[in-house]
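These notes are about the structure you will find just below.
Atom set for the values below is all heavy atoms of this structure, side chains included, hydrogens, waters and symmetry mates excluded. Residue numbering restarts at 1 for every chain, and letters A, B, ... go by the order of the sequence lines.
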Protein chains: 2
Amino acid sequence: MNAYPFDMNVIETKLSKRDRILEAAAAILCQDGFAGASIDAVATRANVSRQTIYNHVGDKEGLFKAVIKELAERSTEHFFEMLEEFPDIDNSDDSLQSGLSAFGTRILYHMTHDKTARWLMRLVQNEGERYPELLSGWREYGPGRKNPALAAKFASLAHAGVIRREDPTLTARQFMALLTAEWRPETQLGHLPDEETCRAMAERGVRAFVAAYAIK
Amino acid sequence: MNAYPFDMNVIETKLSKRDRILEAAAAILCQDGFAGASIDAVATRANVSRQTIYNHVGDKEGLFKAVIKELAERSTEHFFEMLEEFPDIDNSDDSLQSGLSAFGTRILYHMTHDKTARWLMRLVQNEGERYPELLSGWREYGPGRKNPALAAKFASLAHAGVIRREDPTLTARQFMALLTAEWRPETQLGHLPDEETCRAMAERGVRAFVAAYAIK
DNA sequence: ATTTTTTTAGACACAACTGTCCAATCAGTC
DNA sequence: GACTGATTGGACAGTTGTGTCTAAAAAAAT
């Protein structure tokens, strides 16, 4: 149907326009939900004619899928970047607290402030039940890769004798749960916690985690 | 405008009909979101004519408000019932683990299975950002009353010397976080955990909590 | 400069939904 | 049995949204 020329510049401008569409669509889908989002609103926000959207993604469902895919890719990418800051192991208990706090602060700040992360989480929560097939792919690609990666980090901490030996997946989930324990009530109002607040929340969460898991 | 007779039977049938409407509306609002939910769908599900809905709640926003209010009331009611099962204090470490586990199991099972709780949580998550004024009332009435009540329970545990002294609100939130640490990934797929699974998840969460907080 | 492709604005048919209105019906009450 | 208010089904206008189409304009490629 459409034969796109594969010259770089063409692709570049095409991607740029496509990206504008996806960005606008993500924002509006998050805000209004799938049913409430209108293609016209997306077109307006993206500074693009409505027809162009149909040319790119076919129809509304195609737009939704494209947004999810884009957000999921960027999100896991960011996650693995952050995962490289997971603290290295040495045997000082103090550095476990401070190392995990720094890591946790980074994660928490990212979760609360990065548009990609917030939009994706919101879309998954909102529309996950309604369009399970659209999100099954995300499930494999997102949590299906993030959780094991984080679990592996904690497994190596356990292997080094720094924390208690447990199911690493459980450990990772409990770590994340403690990290975000104070966040939900905070975020639901809409105003974002500043970095200092994130640091404080992460520190308190990590303190509980260390109390539970550190080998004294 | 409407002068309702205050005879008991009339009220009863009226409430019954009103309840059918609210039940149907809650289900459909959760499933389709505010924008996606249609009054006709609610009317059909409630076995009621559309006009009756308008008679009762005015318009779509009124329906939404009424549903939130109804769910919030029932939800806090249930919560305070469950809160009575919070374990009494004695000094055996073992009973702290088992007592909190039993309590946590109850909470977790309720959160995952009770329609009221699930619908309310879902509505708040989905539409909370869009209609902040509708939910500010809920915020005061729901978490604004639940959190302090739970925190008080942990405060008395701390006062009795059974757990570490900390900010009780933080303690309560971390307890809830650990309790539900394994739940989100589970629930997003739609199939509910059975009671045995809830018990196991609660036990693991409580184990971490006890490890972090129990005065050995 | 010419050709090719993408983009645009607007019009269009079609469907769905909201909120209102009304005449007919039903369920209790006097 | 007559009366009163709640309820019903259906019709209605007005709005909004989707997805398609077309001719014109803009941009890119040759």
Side-chain angles (χ1 to χ4, degrees), chain A residues 1-25 27-67 127 130-131 134, chain B residues 1-25 27-67 127 130-131 134:
Chain A
M1 193 84 73
N2 286 336
Y4 297 133
F6 281 92
D7 178 84
M8 262 312 178
N9 289 330
V10 177
I11 286 185
E12 180 114 31
T13 62
K14 169 166 285 297
L15 278 186
S16 165
K17 192 149 285 199
R18 191 190 168 87
D19 279 352
R20 287 215 320 261
I21 293 175
L22 293 183
E23 218 256 19
I28 289 186
L29 277 172
C30 283
Q31 202 175 50
D32 302 336
F34 181 79
S38 87
I39 302 279
D40 289 279
V42 175
T44 300
R45 190 186 167 120
N47 264 326
V48 150
S49 108
R50 186 179 56 225
Q51 185 64 40
T52 304
I53 295 180
Y54 283 100
N55 287 345
H56 275 277
V57 296
D59 61 2
K60 202 176 176 181
E61 194 172 314
L63 180 60
F64 183 62
K65 284 185 193 174
V67 165
E127 321 284 348
R130 205 168 331 158
Y131 305 94
L134 294 186
Chain B
M1 193 81 76
N2 285 337
Y4 296 135
F6 281 94
D7 179 85
M8 261 312 176
N9 289 329
V10 176
I11 285 187
E12 179 112 31
T13 61
K14 169 165 282 300
L15 278 186
S16 165
K17 192 149 284 198
R18 192 189 167 86
D19 279 353
R20 289 218 315 266
I21 293 175
L22 292 183
E23 219 254 19
I28 289 187
L29 277 172
C30 283
Q31 201 175 51
D32 301 337
F34 181 78
S38 87
I39 302 278
D40 288 281
V42 174
T44 301
R45 189 187 227 266
N47 265 326
V48 149
S49 109
R50 187 179 55 228
Q51 185 63 40
T52 304
I53 295 181
Y54 283 100
N55 289 344
H56 276 275
V57 296
D59 60 2
K60 202 176 175 181
E61 194 171 314
L63 180 60
F64 183 61
K65 284 185 193 173
V67 165
E127 320 284 349
R130 205 168 330 156
Y131 306 94
L134 294 186

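For the side chain to side chain contact (heavy atoms under 4.5 Å, CB included) with A:K60, the qualifying choice from A:I39, A:I53, A:L29 is A:I39, the only one to do so.
Applying the side chain to side chain donor-acceptor pair (under 3.5 Å) rule to A:D40 yields the partners A:R50; only residues at least two apart in sequence or on another chain are considered.
Taking atom CG on B:D59 and atom C1' on D:dT15, their separation rounds to 16 Å, with Å as the unit. When rounded to the nearest whole Å, the span between NZ of A:K60 and P of C:dC14 equals 21 Å. The distance from atom CG of A:D32 to atom C1' of D:dT16 is 14 Å, rounded to the nearest whole Å. Across the protein-nucleic acid pair, B:R18 atom CZ and D:dT7 atom C1' stand 16 Å apart, rounded to whole Å. Note: CZ (A:F64) to C1' (D:dG19) measures 19 Å, nearest angstrom.
Using a 4.5 Å heavy-atom cutoff, the side chains of B:V57 and B:V67 are not in contact.
One finds a side-chain N or O of A:H56 lying less than 4.0 angstrom from the OP1 or OP2 phosphate oxygen of C:dT7.
Summarising the geometry, atom CG belonging to A:N47 is positioned 9.0 Å from atom NZ belonging to A:K17; distances are rounded to the nearest 0.5 Å. Rounding to the nearest 0.5 angstrom, the gap separating the NE2 atom in B:H56 from the CD1 atom in B:I21 is 4.5 Å.
Closest of all the heavy-atom pairs between B:A25 and B:L63 is CB-CD1, 3.6 Å. The minimum heavy-atom distance between A:A43 and A:S49, with the atom names listed, is CB-C, 4.2 Å. When every heavy atom of A:A35 is checked against every heavy atom of B:D32, the shortest pair comes out as CB-O, 4.4 Å.
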Which pairs, protein N/O on one side and nucleotides 8-10 of chain C N/O on the other, fall under 3.5 Å?
unit_1: C:dT8; atom_1: OP2; unit_2: A:S49; atom_2: N; d: 3.0
unit_1: C:dT8; atom_1: OP2; unit_2: A:T52; atom_2: OG1; d: 2.6

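Against DNA chain D, the stretch residues 34-44 of chain A makes heavy-atom approaches under 4.0 Å through A:A37, A:S38, A:I39, A:D40.
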